[in-house]
Amino acid sequence: MKLYSTLTKQIDEIKPLNPPIVTVYTCGPTVYDYAHIGHWFTYVRMDTLIRALKADGLQPKWVMNITDVGHLVSDADEGEDKLEKGAKREGKSAWEVAEFYTQDFIEGMKALNMLQPDKMVKATDHIPDQIELIKQLDDKGYAYIIDAGVYYDTSKFSRYGDFAGLDLDEQQAGARVSLNPQKRNASDFALWKFSPTDHKRDMEWDSPWGKGFPGWHIDCSAMSMKYLGPTLDIHTGGIDHVPVHHTNEIAQSEAATGKPFAQHWLHANHVMVEGQKISKSLSNGVSLQATSDKGYSAEVVRLHVLESHYRSQSRFSWDSLEAAQNRLNNLQAFADLRFQATASDGKASGADFDKYTELITNALLDDLNTPKALALLSGLVDEHSVISRDELGSFKRFITSVDELLGTKLGKSEDISADQRQLITKREAARAIQDWQVSDNVRDQLGIQGVGLRDTPGGAIWFRQAPQK
RNA sequence: GGCACCUUGGCGGAGUGGUUACGCAGAGGUCUGCAAAACCUUUUACGCCGGUUCGAGUCCGGUAGGUGCCUCCA
């Protein structure tokens, strides 16, 4: 399959080191607060990547981290640890905060029908691995110690700015942050931070350099290489990680191993909410709870994510979510045709469903073109409103494939009840004798139950809709 | 100040040189017992100005506006 790589800045063919295994590492959430719509956009896209890799015949080995320590509110010199801050806010320990939001995140993943990573790894479970990696860097002369902790000397890693296309001198001229005067270079970052002297942290560990906690970047390097080897096939994350987090991961990992850290880098672009960047100060980070409260299922959210391309800066709005809801209703009505195939001698759709499975797969294999995949699907729905018994097998197979490829749940819907089916039969009989009163009553009755009808030459076809009044 | 990106019809959103993306919404019509569904139609949609080309939304230059990053961030 082909994917755009941040590393090469072009669309490359994915070539795993050990096919059919393909190793994928995703920078997961920092669990100090509820995930918002922007996070979910990104993770649904990573999930789509895994699905596409599978469709390509590969066997993804997917590791996602949970950052539960060391991620600082401000820059690496000042600022609190996000977990410790969250703990203070909620009157809990940092450990409790991490556990709570980790569970909440996992529930969100399930709601969005995301595949579970083969491993979800926590930074706090891998402190020795991180210390070991820092030791290696120290031995090779990449580290230095100042009052704040152990730091990485980015000037020792000559290609430091290459990945993100950073010109460090130019950037420093416009930097808005006052630098720690002890740091050798503005871009240097913490490998290990020393615990503060004025209060005790919830999370701290002993190390060869002193009591403290790991820097934010070292956990991803240590854990990804531990589980997936020194060179990953695909490393993914949000686009914001390019200039700092991933740049630092590369610097640490490659300095330690002398090998390329990841063959391929995939970054999901950000989402704007009602035209604005998602930020704490605007409080516009819509949660899954918020979408649910407004009556939109996670399935709708997921479909809305797929409507835009992962590399474009997409937009979230309630209007577009409503549009996604309507689109999903139509897709579901199409999938529900599997409960009402027409007689074999009747009309058939004549669609080549296997061909469409292939077309949709190909769209995903072409740099995860989910909008195109949905356009293909909608085109098919638009052209075919009847399924014959002869086609039922290939149709069901198609719906199953779509669900696997896109993470939809079209094939999970249930048939209408026997009572409802009987009502439809009753109405057909009434219509046959032109008893419009009974016919309309039955239609209203079904409408109240959320079942709509459309009359075709071959009889009535039902579809689910919002319950009518 | 530096780097990168974007600008498509009412709202979203694809599309890198040559017939309708697609979705949602609105209007009119056909059909229908009435509806629904379907179908047809709906202002030449591609920020603006130049250029290249037989031909550009799609390449080049300029210009206006917007966004992201350079601070933690999916």
Side-chain angles (χ1 to χ4, degrees), chain A residues 9 26-30 32-33 35-46 71-80 82 85 161 164-178 186-187 216 236-245 267-272 275-280 285 303-304 306-317 319-331 333 363 369-379 381-383 385-386 431 434-437 439-440 443-444 447 452-456 460-463 465 468:
Chain A
K9 297 180 176 50
T26 295
C27 283
T30 300
Y32 69 106
D33 203 346
H36 59 58
I37 195 74
H39 299 110
W40 293 124
F41 262 68
T42 295
Y43 294 117
V44 165
R45 287 177 162 150
M46 300 317 166
H71 198 159
L72 301 184
V73 170
S74 182
D75 97 336
D77 293 321
E78 312 297 330
E80 289 178 272
K82 289 188 172 191
K85 187 182 180 188
L166 303 175
D167 183 332
L168 299 175
D169 294 334
E170 292 291 351
Q171 293 209 343
Q172 284 171 31
R176 281 171 277 170
V177 180
S178 59
S187 51
W216 172 41
T236 79
I239 195 171
D240 49 285
H241 284 150
V242 174
V244 179
H245 186 50
H267 290 99
N269 209 325
H270 278 181
V271 183
M272 310 286 281
Q276 288 186 297
K277 181 187 173 182
I278 298 173
S279 72
K280 285 272 173 213
L303 188 67
H304 183 41
L306 300 182
E307 285 183 312
S308 60
H309 190 92
Y310 78 93
R311 280 198 285 129
S312 65
Q313 188 177 72
S314 35
R315 285 174 263 209
F316 173 89
S317 69
D319 284 349
S320 49
L321 196 60
E322 177 66 20
Q325 172 73 71
N326 290 334
R327 181 179 207 161
L328 181 62
N329 291 347
N330 292 335
L331 294 180
N369 196 337
T370 53
K372 185 178 180 184
L374 288 179
L376 286 163
L377 182 58
S378 290
V381 170
D382 199 41
E383 287 173 29
S385 53
V386 177
R431 291 188 73 224
Q434 302 195 349
D435 186 343
W436 309 127
Q437 177 113 34
S439 169
D440 290 354
R443 187 168 63 196
D444 290 346
L453 294 174
R454 59 184 169 92
D455 292 319
T456 73
I461 301 271
W462 60 263
F463 56 94
Q465 61 179 9
Q468 308 294 299

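These values consider heavy atoms only, across backbone and side chains, with no hydrogens, waters or symmetry-generated copies. Residue numbers begin at 1 in each chain, while the letters A, B, ... track the order of the sequences.
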K.L.:
Does B:C69 have OP1 or OP2 sitting under 4.0 Å from an N or O in the side chain of A:Lys277?
P.N.:
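True: A:Lys277 side-chain N/O within range (under 4.0 Å) of B:C69 OP1/OP2.
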
K.L.:
Could you tell me which non-hydrogen atom of A:Tyr43 sits nearest to which non-hydrogen atom of A:Thr26, and how far apart they are?
P.N.:
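That closest heavy-atom pairing would be CE2-CG2, 4.1 Å.
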
K.L.:
Using side chain to side chain contact (heavy atoms under 4.5 Å, CB included) as the criterion, list what pairs up with A:His309, not counting sequence neighbours.
P.N.:
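A:Arg311, A:Ser312, A:Asp367, A:Asn369, A:Pro371.
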
K.L.:
Considering only the P atoms, how many Å lie between B:G26 and B:C31, rounded to the nearest integer?
P.N.:
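22 Å, rounded to whole Å.
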
K.L.:
Would you measure the distance from the P atom in B:C49 across to the matching atom in B:U58 and give it in whole Å?
P.N.:
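Here B:C49 and B:U58 have their P atoms 13 Å from each other.
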
K.L.:
May A:His270 be described as stacking on the base of B:A74, applying a 5.5 Å centroid limit and a 30° limit on plane angle?
P.N.:
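Stacking is present between B:A74 and A:His270, given that their ring centres fall under 5.5 Å apart and the planes under 30°.
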
K.L.:
For A:Asp319, which residues count as a salt bridge (Lys or Arg N to Asp or Glu O under 4.0 Å) partner, sequence neighbours excluded?
P.N.:
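Per chain and number, A:Asp319 pairs via salt bridge (Lys or Arg N to Asp or Glu O under 4.0 Å) with no residue.
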
K.L.:
Under the ring pair (Phe, Tyr, Trp, His ring centres under 6.0 Å) rule, collect the residues that match up with A:Tyr310, sequence neighbours excluded.
P.N.:
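Counting only residues at least two positions away or on another chain, A:Tyr310 forms no ring pair (Phe, Tyr, Trp, His ring centres under 6.0 Å).
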
K.L.:
Taking salt bridge (Lys or Arg N to Asp or Glu O under 4.0 Å) as the test, write out the residues that go with A:Asp455, two or more places apart.
P.N.:
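Expected list: A:Arg427, A:Arg431.
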
K.L.:
Using Watson-Crick and G-U wobble pairs with both distances under 3.5 Å, what is the 5'-to-3' dot-bracket string of RNA chain B, with [ ] for crossing pairs and | for pairs outside the strand?
P.N.:
(((((((..(((.....[...))).(((((.......)))))....(((((..]....))))))))))))....

K.L.:
With P as the reference atom in both, quote the distance from B:G17 to B:C60 in angstrom, rounded to an integer.
P.N.:
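My reading of the P atoms in B:G17 and B:C60 gives 12 Å.
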
K.L.:
In whole Å, what is the span from the CD1 atom of A:Ile37 to the P atom of B:A74?
P.N.:
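The distance from CD1 of A:Ile37 to P of B:A74 comes to 14 Å, rounded to the nearest Å.
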
K.L.:
How long is the line joining CG of A:Asp240 and P of B:C5, in whole Å?
P.N.:
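Spelled out: CG on A:Asp240 to P on B:C5 is 18 Å.
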
K.L.:
Is there side-chain contact between A:His245 and A:Cys27, with heavy atoms separated by less than 4.5 Å?
P.N.:
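Counting from C-beta outward, A:His245 and A:Cys27 do come under 4.5 Å.
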
K.L.:
In terms of side-chain heavy atoms of A:Met272, which of B:C22, B:U67, B:C72 is nearest?
P.N.:
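Given the options B:C22, B:U67, B:C72, the side chain of A:Met272 is closest to B:U67.
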
K.L.:
For A:Leu306 and B:C24, what is the distance between atoms CG and C1' respectively, to the nearest whole Å?
P.N.:
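A:Leu306 atom CG is separated from B:C24 atom C1' by 16 Å.
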
K.L.:
Between A:Gly237 and A:Gln465, name the one whose nearest nucleotide on RNA chain B is closer to the 5' end.
P.N.:
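Closer to the 5' end of RNA chain B: A:Gln465.
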
K.L.:
Could you run down nucleotides 25-34 of chain B 5' to 3' and tag each one B, S or - for protein heavy-atom contact under 4.0 Å?
P.N.:
S-------BB

K.L.:
Measure the distance from CD on A:Glu322 to C1' on B:C24 and round it to the nearest whole Å.
P.N.:
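Rounded to whole Å, this separation is 9 Å.
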
K.L.:
Report the residue (A:Ala164 or A:Gly238) whose heavy-atom-nearest nucleotide on RNA chain B is the more 5′ of the two.
P.N.:
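That would be A:Ala164.
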
K.L.:
The criterion is salt bridge (Lys or Arg N to Asp or Glu O under 4.0 Å); which residues satisfy it with A:Glu307, sequence neighbours excluded?
P.N.:
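A:Arg327.
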
K.L.:
Calculate the interatomic distance between A:Leu303 atom CG and B:C24 atom P; express it in whole Å.
P.N.:
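Roughly 10 Å, once rounded to whole Å.
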
K.L.:
Pick the P atom in B:G1 and in B:U53, then give their distance to the nearest Å.
P.N.:
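Each nucleotide's P atom is 37 Å from the other's.
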
K.L.:
For B:G13 versus B:A25, give the span between their C1' atoms, rounded off to a whole number of Å.
P.N.:
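It comes out at 14 Å once rounded to the nearest Å.
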
K.L.:
Name all residues meeting the side chain to side chain contact (heavy atoms under 4.5 Å, CB included) criterion together with A:Ser314; count only those two or more places apart in sequence or in a different chain, and write none if there are none.
P.N.:
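Checked A:Ser314 against side chain to side chain contact (heavy atoms under 4.5 Å, CB included); matches are A:Phe41, A:Arg45, A:Val271, A:Ser308.
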
K.L.:
Could you go through nucleotides 6-13 of chain B and list every protein N or O atom that sits under 3.5 Å from one of its N or O atoms, giving the distance for each pair?
P.N.:
| residue | atom | partner | partner atom | Å |
| --- | --- | --- | --- | --- |
| B:G13 | OP1 | A:Arg315 | N | 3.0 |
| B:G13 | OP2 | A:Arg315 | NE | 2.7 |
| B:G13 | OP2 | A:Arg315 | NH2 | 2.8 |

K.L.:
Got a sec, which residues hit ring pair (Phe, Tyr, Trp, His ring centres under 6.0 Å) with A:His36, two or more places apart in sequence or on another chain?
P.N.:
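Residues passing ring pair (Phe, Tyr, Trp, His ring centres under 6.0 Å) with A:His36: A:His39.
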
K.L.:
Considering only atom C1', compute the distance from B:A14 to B:G9 and round it to an integer number of Å.
P.N.:
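Straight-line distance between the two C1' atoms is 14 Å.
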
K.L.:
Using the P atom as the reference point in each nucleotide, state the distance between B:G15 and B:C3 in Å, no decimals.
P.N.:
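Result for the P pair: 27 Å, nearest Å.
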
K.L.:
Just call it for A:Gly379: base, sugar-phosphate, or nothing, with non-hydrogen atoms closer than 4.0 Å on any strand.
P.N.:
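No contact.
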
K.L.:
Taking the same atom, C1', in B:U8 and in B:G57, what whole-Å distance lies between them?
P.N.:
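My reading of the C1' atoms in B:U8 and B:G57 gives 7 Å.
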
K.L.:
Please report the shortest heavy-atom distance between A:Ala324 and A:His304, naming the atom on each side.
P.N.:
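In this case the closest contact between A:Ala324 and A:His304 is CB-CB, 3.9 Å.
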
K.L.:
Nearest-Å distance, CH2 (A:Trp40) to P (B:A74)?
P.N.:
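In whole Å, B:A74 P and A:Trp40 CH2 are 12 Å from each other.
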
K.L.:
Taking all non-hydrogen atoms of both residues, which atom of A:Ile278 and which atom of A:Ile37 are closest, and how far apart?
P.N.:
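Shortest heavy-atom separation between A:Ile278 and A:Ile37 comes out as CD1-CG2, 3.8 Å.
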
K.L.:
To the nearest Å, give me how far apart CG (A:Leu376) and C1' (B:U20) are.
P.N.:
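Answer to the nearest Å: 14 Å.
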
K.L.:
Can you name the side chain to side chain contact (heavy atoms under 4.5 Å, CB included) partners of A:Thr42, sequence neighbours left out?
P.N.:
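In terms of side chain to side chain contact (heavy atoms under 4.5 Å, CB included), with neighbours along the sequence ignored, A:Thr42 is linked to A:Met46, A:Ala268.
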
K.L.:
What's A:Val271 touching, base or sugar-phosphate or nothing? Going by heavy atoms closer than 4.0 Å.
P.N.:
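Base, at least one base heavy atom under 4.0 Å.
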
K.L.:
Quickly work out the A:Phe463 CZ to B:A35 C1' distance and round it to whole Å.
P.N.:
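The distance from CZ of A:Phe463 to C1' of B:A35 comes to 10 Å, rounded to the nearest Å.
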
K.L.:
I'd like to check the side chain to side chain contact (heavy atoms under 4.5 Å, CB included) partners of A:Asp444; sequence neighbours left out, ordered by chain and number.
P.N.:
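Partners of A:Asp444 under the side chain to side chain contact (heavy atoms under 4.5 Å, CB included) test: none.
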
K.L.:
What's A:His245 touching, base or sugar-phosphate or nothing? Going by heavy atoms closer than 4.0 Å.
P.N.:
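Nothing, no heavy atom under 4.0 Å.
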
